[in-house]
Amino acid sequence: MAAAETDREAPSALCSEFLQFSAKDTAAKWLQASNLPKEVYQHLACYVPKIYCLGPNLNPQNEDLLAPLLLQSPLEWYLCGEEPSVGLAKLEQNNQPSQLCGHVFKVGEPTYSCRYNCAADPTCVLCMQCFLGSVHKEHRYRMTTSGGGGFCDCGDTEAWKKGPYCQKHEPNISDSSQKDPLANMSEEMIARTHNVFSIILKYAVDMLTWDKEDELPEGLEPPLRGDTYYCMLFNDEVHTYEQVIYTLQKAVSCTQKEAVSFATIVDRDGRKSVRFGDFQFCEQAKSVIVRNTSRQTKPLRVEVMHSSVVAHQCFALKALTWLGQIIRCSDALRRILCQVGLQRGPEGENSSLVDTLMLCDSKMWKGARNVYHQLFMSSLLMDSKYKKLFAIQFAKNYECLQSDYVKDDHDREFSVTDLSVQMFAVPSLARMLITEENLMTTIIRTFMDHLRHRDLQGHFQFERYTAQQAFKFRRVQSLIGDLKYVLMSRPTEWTDQLREKYLEGFDAFLELLKCMQGMDPVVRQVGQHIEMEPEWEAAFTLQMKLTHIISMMQEWCASDERVLIEAYKKCLSALTHCHSGFTDGEQPITLCMCGHSVDTIRYCVSQEKVSIHLPVSRLLAGLHALLSKTEVAYRFPEQLPLSELSPPMLIEHPLRCLILCAQVHAGMWRRNGFSLVNQIYYYHNVKCRVEMFDQDLIMLQAGASMMDPNHFLMIMLSRFELYHIFSSADCRKRYSRENANKDVLQQNNTLIEEMLHLVIMTVGERYTAGVGQVESSDETRREIVHQLCIRPMAHSELVKALPENENKETGMERVIDSVSLFKKPGVTGRGLYKLRPECAKMFNLYFYHYSRADQSKAEEAQRRIKRQNGEDSGTLYIHTFSISLTAQYELVLQVLHLIGMGLVEEQQHLISSADDDTNFNFTLKISRPGEAPANTPSILALLETLQNAPHLEVHKDMIRWILKTVANIKTTRVCTASAPPSDSSGHSQEEMVRDKDKAERKRKAEMARLRREKIMAQMSEMQRHFINENKELFQQSLEELDPSTSSTLDPSSCDSTLVCVGPRRWRAGGSERRQMVTCILCQEEQEIRTDGKAMVLAAFVQRSTVMSKNRKRPPHNPDKYDPLFMHPDLSFGTHTGSCGHIMHSHCWQRPYLQIGFCMRFSGLHEVSSGWHLWHCVKAGILPYLRAAALFFHYLNGAPAPPEFHSAGEWEALCGYLCLPSNLLQLYYNNQELMEPLVHCSRCSSAHHSSICCFRFPRESNHIIELPGDYSALINQASSFTCPKSGGDKSRAPTLCLVCGAMLCSQSYCCQTELEGEDVGACTAHTFACGAGVGIFLRVRESQVLFLAGKSKGCFYAPPYLDDYGETDQGLRRGNPLHLCQERYRKVQKLWRTLVGIDWQHL
C-alpha cells in the first residue's frame, strides 16, 4: 500500500519541482563551475532517483517525458550554448556527412549482397533503399534477412570492387571528403562538447559496469536514501521459459500470465525486477529462485539491488542512446565522441572507456550490451580514422574478450566479439592487424588454448568430453569464423613484414593441424561388437569448420612464390615430424614380385590403429599441386627440398585411409558400429571431400608420379592385404573358388575391386588444377555433367552436390548453360536442368565422386536414355549374375577398362606428338612376356587366348576391340610419312572408337537377353502357380465380363423428363441398370427405387466464414443460433459435409429432414403493381435457381435441358429442379417449412434500424493480394513490432492471408486464453477471422501455414519462387523470390477446401 501511495505522490512532487526548473539556467551555472563533473553528478544524483524506479511498476511514459526535460535538456543547452533546437540545426546544416550509409539493420530486415563478383567478400551487404538505387540490382544477387547488428556498406570503397555507391550516396566531386570535420566547429564548442561527452560517457560506463548492489559511485549518492530494493532477475541461455515461469510463480506468488510477462521481458531485455520492497522482502524471493533453479544446472542469476542503483543504470542506458542520437547531427560530434572513448586514462594500457566497456561485456545484461554495441557502430565504426584505432584495441584485447565469451552463456550476437566482422573483413585493416598486432597467430593460439584436452601423442581428444567441455567447444568455434574474415581477401601486394607475420601464423596453423593429424584413431573390432559408439562428430565438426580456412591458406600461398616455397618447406617438415621417422616402430620388410623389390614397413590396416584425420598430409598435397599449377617447381627447383621428399612416406597415411574405406565397404569393420560408417560417409561428402578425399587422391598421384610404378603397385597390394594372393602361384591356388571360404572369397574380390577402382582414379582423375591442365570452371563443368547423368536435377540439388568456396559460391552459373537445358516448372514441382545430349560423351562410370548408389543410378539412367533415343542400350553393362560372378565380372571389366585407358592414353600421345617417338609406349609393355623363371605370357597374348573363352563371352567384343586398337596403334607407329599423321591418327582413333562401341553393344545385348529370358521364365511360372490356386476366382470373373451389361449415358436414349432432383430424377441408362447400396447400420442391401425404402446420408453442419462479408460481427450465441438461417451479410455461414455412408431412414434413430429456403427482398415497398412485384421476385430468385441447378447437375449428373438457353429459362429451371413455376403454389405446398423461416427473417430484420441491400450472386471471397517481390514483405515484417512487448521486434511475424493482419506468432508475449487454454496469436486469430480455420504466411521462414482448430495444422510450400522455379523455405539459399500467380491460386483453392473439413471429426 505504501508503494502505491508513493507512486501517486511522485508525479505531483515532480510537477511542482519541474515548474521551478530551468534547463538554460542550469547550463549557465555549469558554464561558471570550476568543477563541472561534480556539478553534473550532483544534478544527476538529485533528479535521477526522482524520475526512475519509483515503485514496483515502471512508468515509461513519465520517464520519457521528464528525463529529456530535467536531465538531457541542460546537457544540450551547455553543449550548444544556445537553444538546442537552433544549435543542433546549425550543426546539421554545416555538416559534411560521410558517404557511408551506415544504416544499422533491424532484426529480420532484408539485406542484399551482389553475386556478380562486385563485393570484396560475402559480408558486404546493402540495405533495401541503397540496393534499389545501385547497379547491383541488375546483377545476380543474394537476399537474406539480418539477425540485427550489422550495417549497410554502401559508400565503403574497400567493401566493393565495383559500384560502391548508390544514387543517394554518390559523392559530390566538389565536396572535399578528406577535410577534418572539426574544422568548421569553434574551439569553445569543441571544448564544451568534449566536457559533456567525457562526463556522460564516464557516468554511463561506471554505472553499467558497477558491481555493487547497495552503493553508488562517489558523487552520485542520493540526498535521501530510502529502504527500497528490487529483486532483479537476469537472463541466461540455460534455463527454459517453462522453468522460469514455474519458478516465478512460486517465488513471487504471481499468476501464470504475470510470470509469462516477466519471462518475456527478461528474455528480451536481459533483466527484469520481479519484486519491489524492503531488503528482506526481496531477499526472500531471491532465495526461492536460487533454490528452485540450482538442482540440475547453475542457478538463475538474481540480485537484490537498491532502487537508486537501478535508477542510475536505467538513465545510463538512456544517456548512451542520447549520445547516439546527438552525433547523428554532425560528423564533428561523432569524432569528438570517438576521441573521448579511446582516450587513455591515468592507468595506462586498456584504461580507455571503450576498453572498459569491452572488457566488462560479459558482466553486463543483454539490454546494456545492445545499447553500447549500437553506439560503437554509429560512432567508432563510422569514422575510418577511429575505426582503425578501435580495431587495434580490439586486437590487443582479443584473447581476453574471447575467453570471456567462451565462459559466458549468451549468444554471440549479444557479445562484443560479434563486432569482429566489422573490422577483420576490411582488407586493409586485416593486413594491418596481421603485420602490427600479429592477429593471425593470436587467433589460432587463442583457439588452441581452449582445446587443452589431448592424448599422449598431443592429438585433440574429444572422446571423454564433459557437457561443459562440449559447450565450450561449440562456442570456441566462432574464432575460426574470425580467422576466415581475416583471410577472406587475398593480398595483391606483399611486403616483407606481411610475409614474415603470415608465415608465423602459418606455423601456428601447422601446430593446430598437427594436433588433428591422427586424432580419433580406430582399431578393427574382432570377435564382438563395440560396446559403445565412440564420439566422432566433434572431430568432423572441426574439420568442416577448417575446410575453407585450409583452402584460403593455400590461396594466400599461391599469390606469392616466396611464401609458397616457404610454406611447402614448413608443411613437409611438419609432416616428417608427425611420421616420427616414418617407421614409428613398425618393422621394415622387403616385398618382391616379378623380379621387382621394394623396401617398406609391415602394416595391416585391419590390425593396427588408423585415423581418417590427416590434415597435414592433405595440406601438403594441396601445396604440392600449387607448385605445379604456378610452375614454381619448374622455375625454382633449387629452392625446393626435393631431395628430402620420400614418396613412400607421402602416400603412406592417405593410402591407409583409402584402404580403410575399402575394407569398410568389404564388410570387414561391421563390428565397429555406425560411428565409423558415418565418418566414411562424411569423408566422401561434398562438405569435407575437397580437403579430405580429393587431397588424399592428389597425394597418391603425386607419390605415384615420383615412384617406380611397380613399387607403387606392390606397396598398394601390401596395404590392401592382397600381396600374398598375387605373390605366388601356390597362394592363388589356395584361394581358388573350389577351396576358399565364400565369405573370404567375396571379401577378397571386393578388395581387389576397390584396389582396381583406386588405380583407375589415380591414373584417370586429372580434372584438378596442378594435376591436369584445367581451370576451376572445367572441374565444375565435369561435376555438373556427372550429376545430371544420374537424373535431371533442380538448381538447389546441383548446388548441394557441388562444393562451395568461402564466399558460398559454387561457380555453377558460369558453366551450367553450356552443359544443360533448363525446363521451367508448372503449377507444381521445380524447374529442372537436363543434360545436353552432346555432353553425354563426358560420362565416366568410374567418376571419383560417385557413390555406389550414384554409380548404379547413372548407369541405369544412361542406359534408359540410349534406349529412348533408339540406340543400343547394351553400351552400358548390367549386373546380372550372383554375388561371386558379379564380383568376377566387375573385376574383369575394371581390368579391361584399365587396359583401354592405357591404349587411349597412348593414342593421345601419338596424336599430340609430331612423330612416333613418344615416351609412353603402353602397347610395348602389354606385349612383353613375363621374366624368368615363370615366363608367363604377355597381357596381349592372354587377351588373344581369352577372346574365345566361353566363360568370358560377355567380354569378347571388348577384348577384340582392345586387340584391334593395339594393332591400330602399331600401324600408326609405322605409318609412312606420305599421309599426314594427324589425319591417319584421327581416322584410326575414330575407327577404334566405333569398334569399341560395337563391341560394348554386342556384349551388353547378350547380357540383357540372358537376363530377360530368366525374368520371363520366373514370371510365367508365378502366373501358372497363381491361376491354379485361384481357379474359382478366374471363372467368376469371366462370367461377369458380359458385354450386355454395358449402358449408354446418352440422354436422348431415355424417355424420362430431364429432372435433376426429386422422385422423378433422371437416371443414366434408364431402368435397365440397378443401383444397389448397403445400409451402414443394419448391413442390409437395398435397391434404390422411387417406391423403395428411403435412404439417407448423415450430414455435419458447421460454422464457416469462407463467404463472409462482415468478419467484425461477433459470433452468435450457440444456444439461440439456427445454423440453417444465415444473415444476408454472410458474417457466419454454414458448411455441410457428409462421410458418404448410406443408411435406411428408419435405421437412423432420429430422422430429421428439413429443406431450407430463405429469401429476403429489399425495396419491395417501392414496387408500383403486382405485375412489377412478380418481375422483381423472378429477378431476385433466378440467381439462386441457376446456382441450385448447377449444384444438382454436378451432384446427380442429370443433363441440362436445351431450354436453358431459350426465352423460357424460368419454366425450364423450375421443371429441372422439380419445382412449380407458380410462387404461390410453392409457398402453400410447403407452408409448414416456409413459415418458421419467414418468421426468422422478420425477427432478424427487426434488430436492424436500416435495411441494407444485398445483391446476389455474392462475389466469392479471395485471399489477400501479395507483392510481386518477396523483399517487400520482408521489409514490411521488419518494421512490425510486437503489440504487447513495448515496441519490441517480433521474432516470427506472420501474415494472415485472409484479412492481411500481421501477427506476432510463436512467442509467449502474444499468447491469449481461448476456451480455457493458452494459444498463440495465429490460433487465436483464426477463431476471430476464420471460424477456427486460417491460412498464414510466415514471412521470415517463407512458409504457408494452414491452421484448423487449436491443435491441427500443417506447413505448405509458399507461392514465391526464385528464377530457377524453386521455393526457398527458411530463406537459406538467398535467391530473389517473386510471386507465382498460378501457385497462389492453388493456395486459394486449398484454403477453400480446408475450411470445409472438420478436423476434429477425422
Asker: Within the side chain of E535, is there an N or O that forms a donor-acceptor pair under 3.5 Å with the backbone of A538?
Answerer: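 Looks like yes, one N/O pair under 3.5 Å.
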Asker: Hey, is NZ on K629 packed in by over 12 heavy atoms from elsewhere, all under 6.0 Å?
Answerer: no
Asker: So that I can tick it off, tell me whether R656 and E652 are bridged by a salt bridge, with the cut-off set at under 4.0 angstrom between side-chain N and carboxylate O.
Answerer: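 Salt bridge present between E652 and R656.
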Asker: Check this for me: does any side-chain nitrogen of one of R782 and E765 sit under 4.0 Å from a carboxylate oxygen of the other?
Answerer: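 A salt bridge is present here (some side-chain N lies under 4.0 Å from a carboxylate O).
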Asker: Regarding R454 and the six-membered ring of F460, is the cationic atom NZ or CZ under 6.0 Å from the ring centre and inside 45° of its axis?
Answerer: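 That pair does not qualify as a cation-pi contact.
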Asker: Are any of the side-chain nitrogens in E754 or R719 under 4.0 Å away from the carboxylate oxygens of its partner?
Answerer: no
Asker: Should R689 and E783 count as an ion pair when the cut-off is N to O under 4.0 Å?
Answerer: yes
Asker: For this output row, return yes or no: ring centroids of F506 and F509 closer than 6.0 angstrom.
Answerer: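 Ring centres of F509 and F506 not closer than 6.0 Å.
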Asker: Short question: side chain of N672, backbone of Q525 - any donor-acceptor pair under 3.5 Å?
Answerer: yes
Asker: Under 3.5 Å, is there a donor on one side chain and an acceptor on the other for S856 and D854?
Answerer: no
Asker: Does V523 offer a backbone N or O that forms a donor-acceptor pair with the side chain of E608 under 3.5 Å?
Answerer: no
Asker: Identify whether the distance between the nearest side-chain nitrogen and carboxylate oxygen of E531 and R671 falls below 4.0 Å.
Answerer: no
Asker: Kindly say whether Q543 contributes a backbone atom to a donor-acceptor pair with the side chain of T547 at under 3.5 angstrom?
Answerer: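 Flag set: sc T547 to bb Q543 pair under 3.5 Å.
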Asker: Mind checking whether W536 and F462 have ring centres under 6.0 Å apart?
Answerer: no
Asker: Could you check whether any side-chain heavy atom of L655 comes within less than 4.5 Å of a side-chain heavy atom of L758, counting everything from C-beta outward?
Answerer: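 L655 reaches L758 side chain to side chain.
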Asker: Can you tell if the side chain of H684 reaches within under 4.5 Å of the side chain of S851, non-hydrogen atoms only?
Answerer: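 No - every pair of side-chain heavy atoms lies 4.5 Å or more apart.
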Asker: How long is the gap from CE on M544 to SG on C688, to the nearest 0.5 Å?
Answerer: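 SG of C688 is found 4.5 Å from CE of M544.
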Asker: How long is the gap from SG on C557 to CD1 on I565, to the nearest 0.5 Å?
Answerer: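 Those atoms lie 11.0 Å apart.
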Asker: Describe, in one word, how the ring planes of H596 and H711 are oriented to each other, choosing from parallel (under 30°), tilted (30 to 60°) and perpendicular (over 60°).
Answerer: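 Geometry flag for H711 against H596: perpendicular rings.
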Asker: So, R602 and S718: side-chain donor and acceptor under 3.5 Å apart, yes or no?
Answerer: no
Asker: Determine whether the side chains of Y568 and H624 contain a donor N or O and an acceptor N or O closer than 3.5 Å.
Answerer: yes
Asker: Is there side-chain contact between F693 and H849, with heavy atoms separated by less than 4.5 Å?
Answerer: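 Touching, per the 4.5 Å side-chain cut-off.
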